[in-house]
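As the structure is a prediction and not an experimental result, all values here were calculated from the model. Start at 1 and go down the list; that is how both ligands and their atoms are numbered.
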Amino acid sequence: MATTLEKMETVNATSEEGTIESEEVLDLEEEESFFQDIDLLAEHNVSHEDIKMMKKLGVNTIKGVQMTMRRKLLSLKGFDEAKVDKIKEVCCKISLSNGFLTALEVSDQRKQIFKLSTGSTKLDKLLGGGIESMAITEVFGEFRTGKTQLSHTLCVTAQMPGPNGYLGGKVMFIDTEHTFRPERLRTISERFNLDQTAVLENVLYARAYNSEHQYELLNSVAAKFHEEAGIFKLLIIDSIMALFRVDFTGRGEMADRQQKLGQMMSRLQKISEEYNVAVFVTNQITSDFSLLSPEPDLPKPVGGNILAHASTTRIALKKGRGNKRIAKIYDSPDLEESEVTYVITNGGIDDPKD
Ligand code: ATP
Ligand code: MG
């Protein structure tokens with residue numbers, strides 16, 4: 001972790017400019033090579049009109065084309081099998097990939113991954129350093145466990161320098177429950193001695209009104225991440241399931257809900273990889289605690305298997321005494337299942353003092 005002084009210096013340099021651009025120039029140069037613009041296709045005889053059509057679909061990069069199903073491209077006006085073949089082939093050529101990487105190359109790619117602090121060093125440690133980029137991290141728990149407070153804390157910590165040369169960046173916040181409070185960002189910024197106005201300016205907010213809107217917003221999010229290449233580091237959705245639970249009710253609509261949810265999670269995963277951002281989602285729990293569950297006191301997240309498979313790391317949050325809360329790794333590809341205690345303070349999520 002950088003010292004407080006280093007953090008302050010960075011943000012002071014920033015706040016004079018009003019944005020984080022000055023300190024981010026170097027970072028930006030590095031990140032630009034991270035993805036290749038879809039406009040490159042024009043140099044390979046793909047028409048500007050066709051490129052424009054793909055952008056409308058939310059596809060802004062060569063990797064994005066490779067991530068998109070042929071079926072989806074074929075649905076675009078003027079696209080037929082031959083055209084899609086050609087575009088896919090050109091993308092392969094541009095990205096110099098035949099689809100395979102050596103494990104060493106994967107290891108190099110993973111060096112670009114950064115981790116964001118939760119505000120609690122214990123919780124960061126539990127997470128192997130913090131909330132990881134190129135992945136989806138999900139926290140779930142009953143009301144008042146601090147899911148929204150953690151989201152607010154991350155809005156601030158994501159703007160601060162961190163380990164491995166991480167310089168900080170902007171945040172995108174999608175709010176489905178209307179519980180985003182900019183005032184909370186001010187008190188959290190104060191804790192870290194950051195310029196409050198600069199911090200608020202670096203958080204872009206969108207309110208989602210229904211599950212379709214939530215999905216559609218992701219196209220605008222991707223376009224923004226593309227436009228300000230390498231500047232955004234975190235995408236928060238608080239909460240991922242709330243609108244789906246309202247829009248789809250009863251068993252009859254469950255299959256439809258899960259299909260739409262799957263599409264959204266897949267889009268989120270792709271965005272996290274395409275733009276090297278951390279995706280942080282909060283989730284609710286079911287009211288039917290199974291007595292047969294091996295851990296009956298541990299709440300169960302909603303969203304079923306679709307969400308379970310889509311989230312890279314899942315963290316269960318529980319209430320403790322007073323402002324104490326407990327976080328437990330519920331599912332992770334590389335973290336052990338242990339738990340820590342954290343507190344909710346005026347300055348955001350923190351370690352307990354005693
Ligand atoms: P829900 O499921 O209802 O969305 P949540 O898990 O998002 O709940 P939060 O809103 O993150 O819950 O946390 C609420 C808790 O945070 C409450 O216990 C509240 O007292 C505490 N809290 C909120 N603001 C502050 C503050 N400024 N200082 C200290 N504690 C706070
Ligand atoms: Mg909340």
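- Looking at Asp108 and Lys111, a side-chain N of the basic residue comes within less than 4.0 Å of a carboxylate O on the acidic one, giving a salt bridge.
- For Thr345, every heavy-atom contact with ligand 1 shorter than 4.0 Å involves the backbone, none the side chain.
- The shortest separation from a heavy atom of Arg184 to ligand 1 is under 4.0 Å, placing the residue in contact.
- The shortest contact between atom 2 (O) of ligand 1 and any protein heavy atom is with Lys147 NZ, 2.8 Å.
- Applying side-chain contact (heavy atoms from CB on, under 4.5 Å) to Lys147 and the options Asn283, Ile315, Leu317 leaves one that passes, Leu317.
- Residues Tyr342 and Leu123 share a closest heavy-atom pair of CD2-CD2, 4.5 Å.
- The pair Asp124-Lys115 fails the salt-bridge criterion, with no side-chain N (NZ, NE, NH1 or NH2) lying under 4.0 Å from an Asp/Glu carboxylate O.
- The shell of residues lying under 4.0 angstrom from ligand 1, judged by heavy atoms, excludes Glu183.
- Using a distance-only test at 3.5 Å, with no hydrogens or angles considered, a donor-acceptor pair links the side chain of Thr187 to the main chain of Asn346.
- Within the 4.0 Å heavy-atom criterion, neither part of His152 lies near ligand 1.
- Residue Val277 comes nearest to Phe114 through the heavy atom pair CA-CZ, 4.3 Å, listed as atom of the first residue, atom of the second, then distance.
- Distance remark: protein heavy atom present below 4.0 angstrom from atom 12 (O) of ligand 1.
- Considering only non-hydrogen protein atoms, atom 3 (O) of ligand 1 sits nearest to Phe143 CB, 3.4 Å.
- Atom 8 (O) of ligand 1 has its nearest heavy-atom neighbour, among Lys319, Arg144, Arg181, Gln149, in Arg144.
- Around the Mg ion (ligand 2), protein N, O or S atoms at less than 2.8 Å comprise Thr148 OG1.
- Ligand 1 lies less than 4.0 angstrom from a heavy atom belonging to Asn346.
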Begin with the C-alpha distance, continue with both residues' side-chain angles, and end with the deciding distance and a verdict on salt bridge (Lys or Arg N to Asp or Glu O under 4.0 Å) for Lys63 and Glu274. CA-CA 7 Å; Lys63 202 169 175 181; Glu274 203 174 352; over 6 Å; no
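- When each atom of ligand 1 is checked for a heavy atom of Arg325 under 4.0 Å away, the hits are 18 (O).
- Under the 4.0 Å criterion applied to side-chain N and carboxylate O atoms, Asp39 and Lys55 are assigned as salt-bridge partners.
- Heavy-atom distances between Gly141 and ligand 1 stay at or above 4.0 Å for every pair.
- Nearest approach of Gln214 to Thr176, heavy atoms of both residues: OE1-CG2, 3.6 Å.
- A salt bridge is absent between Arg186 and Glu190: the closest approach of a Lys/Arg side-chain nitrogen to an acidic carboxylate oxygen does not fall below 4.0 angstrom.
- The heavy atom nearest to atom 30 (N) of ligand 1, out of those in Ile344, Asp350, Val139, Asp238, is found in Ile344.
- Protein heavy atom in closest approach to atom 10 (O) of ligand 1: Thr148 CB, 3.7 Å.
- Looking only at distances, no side-chain donor or acceptor of Tyr330 sits under 3.5 Å from a matching main-chain atom of Pro301.
- Only the side chain of Glu177 comes within contact range of ligand 1, with a heavy atom under 4.0 Å; no backbone atom does.
- A salt bridge is absent between Lys260 and Glu212; no separation between the charged side-chain nitrogens and carboxylate oxygens falls under 4.0 Å.
- Under the 30°/60° scheme for interplanar angles, the aromatic rings of Tyr275 and His226 are found to stand perpendicular.
- In the vicinity of Gly146, heavy-atom distances shorter than 4.0 Å reach the ligand 1 atoms 5 (P), 6 (O), 9 (P), 11 (O), 12 (O), 13 (O).
- Checked for salt-bridge contact, Glu273 and Lys270 miss the test: no charged N lies under 4.0 Å from a carboxylate O.
- Residue contacts with ligand 1 include Thr145, since one or more of its heavy atoms lies under 4.0 Å from the ligand.
- Within a 4.0 Å radius of atom 19 (C) of ligand 1, the protein has no heavy atom.
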